[in-house]
Chemist: 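Before anything else, here's the structure in question.
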There are 2 protein chains.
Amino acid sequence: MTLSEEDYVKAIYHLGKEQSAPVSTNAIADQMSTKPSSVTDMMIKLAEKGLVNHKKYQGVTLTDHGKAIALSIVRKHRLWEVFLVDKLHFSWDEVHEVAEQLEHIKSEKLINHLDKYLGFPEVDPHGDPIPSKKGEMKKTVKKLLIELPAKSIGICVGVKDTSQAFLRFLDKNGIALGDTISVLDREEFDGSMQIAINGIEIHISQQIAANLFLKIPE
Amino acid sequence: MTLSEEDYVKAIYHLGKEQSAPVSTNAIADQMSTKPSSVTDMMIKLAEKGLVNHKKYQGVTLTDHGKAIALSIVRKHRLWEVFLVDKLHFSWDEVHEVAEQLEHIKSEKLINHLDKYLGFPEVDPHGDPIPSKKGEMKKTVKKLLIELPAKSIGICVGVKDTSQAFLRFLDKNGIALGDTISVLDREEFDGSMQIAINGIEIHISQQIAANLFLKIPE
DNA sequence: AATAATTTTTAGTTAAAACTAAATATTTGT
DNA sequence: ACAAATATTTAGTTTTAACTAAAAATTATT
Ligand SMILES: [Mn+2]
Ligand SMILES: [Mn+2]
Ligand SMILES: [Mn+2]
Ligand SMILES: [Mn+2]
């Protein structure tokens, strides 16, 4: 597997897990910041290698083999993110670019020792679950803050948008994973909300509420 | 800088530090397991980039810029080796292949945080000095065991051969960096020696003695 | 000094991964 | 249902980093 092939397989995995439909050529091109014609070339190659199912003009889906590879890359990406934050004291908005490189290092032993060294973490710094050696992953039952009615309460467990801009906004406003958030009031007109976070009241826009995942207690 | 360019620059650095003469095309091809014609192509490219001085048929030397890049790669390689041994409990004969990949990760912040996290080590697991951020490196005054006369004493500080075979031999015979070695007797006929290592007497062949570096106390 | 051996470079190919422009298929709107 | 818009593929080109085979330069040997 080349670095480029790995990035394509990972992109298809991330795009595909949202819907059940096949992933379109243009969607992949967007995600990878490349041209659709380059994507078609790569899809033909990945199909020949048995990593994707490709029907002309119908998009692609990952084969079981392709999905296993995608999960192993996601595993490596997220474990390295934990390393960068927990051990090297990077902030959560700085880790993505470096993990994007580290995820391609080839060594079974390295990644399994790293996993142990980090204490077998279950989620990365953005609250995303880390696949096991065998590709199993805990499905977290989480909801976007914007979907919650007034008076509800939850624990912040992840972010949808992982851009530096958003993560820094959260840091600035004292919102971190693990914090308890309660919805005090919803403004249906613009989707904004009044919330309490660790006891402090703040007002947040729809944009923010649409990108914060909460775990809701039973 | 591409991964391939970095590996070439590093190879030229390692080949060049032994002698004062320029490094030959064939020597580079050997080191890189590639063909001389491929080396010539790359040397022309590196010369255009200002990393090497290249006179046709006369070999190459690194420019100051090229040397600085080589040292930064060596720094990364050796720091990652320390990480693998100290933190992930790899043995010193397993780290090279993985460090060969990790040395190409691009992030100033990553390598400087790693340096701090490891406690600013001065040598790697094979006793080789780690260049500073600015490319400065402690020159260790070390001698090969084979050069020492009978009755002399020294501390094992490095290995010349870093092959798995040799490193495992040392492990098996209880020879590690930091150990005190005294030469009890030399057999000039075959170059073998009787030595005491941490009090225990053993007999070693010329091959072994020619690949162990010792620091000699004043 | 001339020839032989070795080293290095040049010329021409190949494969991976990107691109542009053009052709073809699918989807959408009337 | 048909034309227009959009999505996808094909064809042909570029760049990087290899390769082989042949030519040229250097070094060694007689
Ligand atoms: Mn990547
Ligand atoms: Mn993440
Ligand atoms: Mn390398
Ligand atoms: Mn080393």
Side-chain angles (χ1 to χ4, degrees), chain A residues 1-13 15-16 18-62 66 69-70 73 100-101 103-106, chain B residues 1-13 15-16 18-62 66 69-70 73 100-101 103-106:
Chain A
M1 287 286 286
T2 68
L3 186 148
S4 189
E5 287 170 353
E6 289 185 350
D7 279 339
Y8 271 102
V9 167
K10 195 181 62 158
I12 297 165
Y13 170 79
L15 292 166
E18 314 277 316
Q19 334 115 71
S20 56
V23 179
S24 78
T25 301
N26 272 4
I28 298 167
D30 262 26
Q31 175 88 6
M32 301 282 297
S33 306
T34 187
K35 304 287 164 178
S37 54
S38 305
V39 174
T40 301
D41 285 348
M42 184 57 89
M43 292 312 106
I44 290 167
K45 185 162 57 138
L46 292 180
E48 278 165 1
K49 289 196 171 193
L51 303 180
V52 302
N53 308 113
H54 180 235
K55 269 185 291 183
K56 268 195 191 178
Y57 293 98
Q58 302 304 138
V60 291
T61 55
L62 288 174
I69 287 172
I73 300 164
E100 199 59 45
Q101 299 177 59
E103 71 189 359
H104 302 288
I105 302 292
K106 275 150 194 72
Chain B
M1 288 285 288
T2 68
L3 187 147
S4 189
E5 288 169 352
E6 289 186 349
D7 278 339
Y8 272 101
V9 167
K10 196 181 62 158
I12 296 165
Y13 170 78
L15 293 167
E18 312 279 316
Q19 333 115 70
S20 57
V23 178
S24 79
T25 301
N26 271 4
I28 299 168
D30 261 27
Q31 175 87 8
M32 301 281 297
S33 305
T34 186
K35 302 289 166 177
S37 53
S38 306
V39 174
T40 301
D41 284 348
M42 183 58 89
M43 291 312 107
I44 290 166
K45 184 160 59 135
L46 293 180
E48 278 166 1
K49 290 198 171 192
L51 303 180
V52 302
N53 308 113
H54 180 235
K55 269 186 290 182
K56 267 195 191 178
Y57 293 97
Q58 301 304 138
V60 291
T61 55
L62 287 175
I69 287 173
I73 299 164
E100 200 58 45
Q101 299 177 59
E103 70 189 358
H104 302 288
I105 302 293
K106 274 148 196 75

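From a predicted model like this one, the values you see are computed outputs, not experimental measurements. Below, chains carry the letters A, B, ... as their sequence lines are ordered, and counting in each starts from 1.
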Chemist: Between the protein and nucleotides 23-27 of chain C, which nitrogen or oxygen pairs come in under 3.5 angstrom?
Modeler:
from   : atom 1 : to    : atom 2 : distance (Å)
C:dT24 : O2     : A:Y57 : OH     : 3.3
C:dA25 : O4'    : A:Y57 : OH     : 3.4

Chemist: Kindly point out which of D:dC19, C:dA18, D:dT10 is positioned nearest to the side chain of A:S37?
Modeler: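 Nucleotide nearest to A:S37's side chain: D:dT10.
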Chemist: Mind checking side chain to side chain contact (heavy atoms under 4.5 Å, CB included) for A:D41 and listing every partner two or more places apart, or none if nothing turns up?
Modeler: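 A:D41: no side chain to side chain contact (heavy atoms under 4.5 Å, CB included) contacts found.
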Chemist: Of the options D:dT9, C:dC19, D:dC19, whose atoms approach the side-chain atoms of A:T40 most closely?
Modeler: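 Among D:dT9, C:dC19, D:dC19, the one nearest the side chain of A:T40 is D:dT9.
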Chemist: For A:E103, which residues count as a side chain to side chain donor-acceptor pair (under 3.5 Å) partner, sequence neighbours excluded?
Modeler: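 A:E103: side chain to side chain donor-acceptor pair (under 3.5 Å) contacts with A:K10, A:H77.
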Chemist: Applying salt bridge (Lys or Arg N to Asp or Glu O under 4.0 Å), name anything that partners B:K106, two or more places apart in sequence or on another chain.
Modeler: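 For B:K106 the salt bridge (Lys or Arg N to Asp or Glu O under 4.0 Å) partners, ignoring immediate neighbours, are B:E6.
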Chemist: Could you work out which one of D:dT9, D:dT16, D:dC19 sits closest to the side chain of B:T2?
Modeler: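 The closest nucleotide is D:dT16.
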Chemist: When the distance from NZ of B:K55 to P of D:dA25 is rounded to whole Å, what number comes out?
Modeler: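 Roughly 17 Å, once rounded to whole Å.
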Chemist: Excluding sequence neighbours, so at least two apart, what forms salt bridge (Lys or Arg N to Asp or Glu O under 4.0 Å) with B:K49?
Modeler: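 B:K49: salt bridge (Lys or Arg N to Asp or Glu O under 4.0 Å) contacts with B:E5.
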Chemist: State the CD-NE2 distance between A:Q101 and B:H104, to the nearest 0.5 angstrom.
Modeler: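 Rounded to the nearest 0.5 Å, the CD-NE2 separation comes to 11.5 Å.
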Chemist: Using 0.5 Å steps for rounding, measure from the OG1 atom of A:T2 to the CG atom of A:D7.
Modeler: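 Taking OG1 in A:T2 and CG in A:D7, the distance rounds to 8.5 Å.
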Chemist: Can you tell me if A:Y8 touches the phosphate of C:dA18, counting only side-chain N or O atoms and a distance under 4.0 Å to OP1 or OP2?
Modeler: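 Result: yes.
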Chemist: Could you tell me how far apart A:K35 (NZ) and D:dA11 (C1') are, to the nearest whole angstrom?
Modeler: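 Value for this atom pair: 18 Å.
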Chemist: Looking at DNA chain C, which of residues 18-33 of chain B put a heavy atom within less than 4.0 Å of it?
Modeler: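 Within this stretch, B:S24, B:T25, B:N26 sit under 4.0 Å of the strand.
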Chemist: Taking any heavy-atom pair under 4.0 Å as a contact, classify B:S4: base, sugar-phosphate, or nothing.
Modeler: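 It contacts sugar-phosphate atoms only.
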Chemist: Rounded off to whole Å, could you give me the CD1-to-P distance for the A:I44 and C:dA18 pair?
Modeler: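 Going from CD1 in A:I44 over to P in C:dA18 covers 14 Å.
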Chemist: Going by the rule side chain to side chain donor-acceptor pair (under 3.5 Å), which residues pair with A:D30 if we only count those two or more places apart in sequence or in a different chain?
Modeler: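 Expected list: none.
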Chemist: From C-beta outward on A:H54, which listed nucleotide comes closest to its side chain: D:dT9, C:dC19, C:dT9?
Modeler: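 Looking only at side-chain atoms, A:H54 lies closest to D:dT9.
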Chemist: Listed by chain and number, what are the side chain to side chain donor-acceptor pair (under 3.5 Å) partners of B:S37, not counting sequence neighbours?
Modeler: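 Side chain to side chain donor-acceptor pair (under 3.5 Å) check on B:S37 returns nothing, list empty.
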Chemist: Given D:dA18, D:dT8, C:dC19, which nucleotide is nearest the side-chain atoms of A:T34?
Modeler: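 The closest nucleotide is C:dC19.
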Chemist: My understanding is that only residues two or more places apart in sequence, or in another chain, count here; which of them pass side chain to side chain donor-acceptor pair (under 3.5 Å) with B:N26?
Modeler: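 Per chain and number, B:N26 pairs via side chain to side chain donor-acceptor pair (under 3.5 Å) with no residue.
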Chemist: Expressed as a whole number of angstroms, how long is the span from A:D41:CG to C:dT20:P?
Modeler: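 Interatomic distance, CG of A:D41 to P of C:dT20: 13 Å.
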Chemist: What is the separation between atom CE on B:M42 and atom P on C:dT8, rounded to the nearest whole Å?
Modeler: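 It is 17 Å, rounded to the nearest whole Å.
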Chemist: On DNA chain C, nearest-nucleotide positions of A:E5 versus B:M43: which is more 5'?
Modeler: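 Its nearest nucleotide being more 5', the pick is B:M43.
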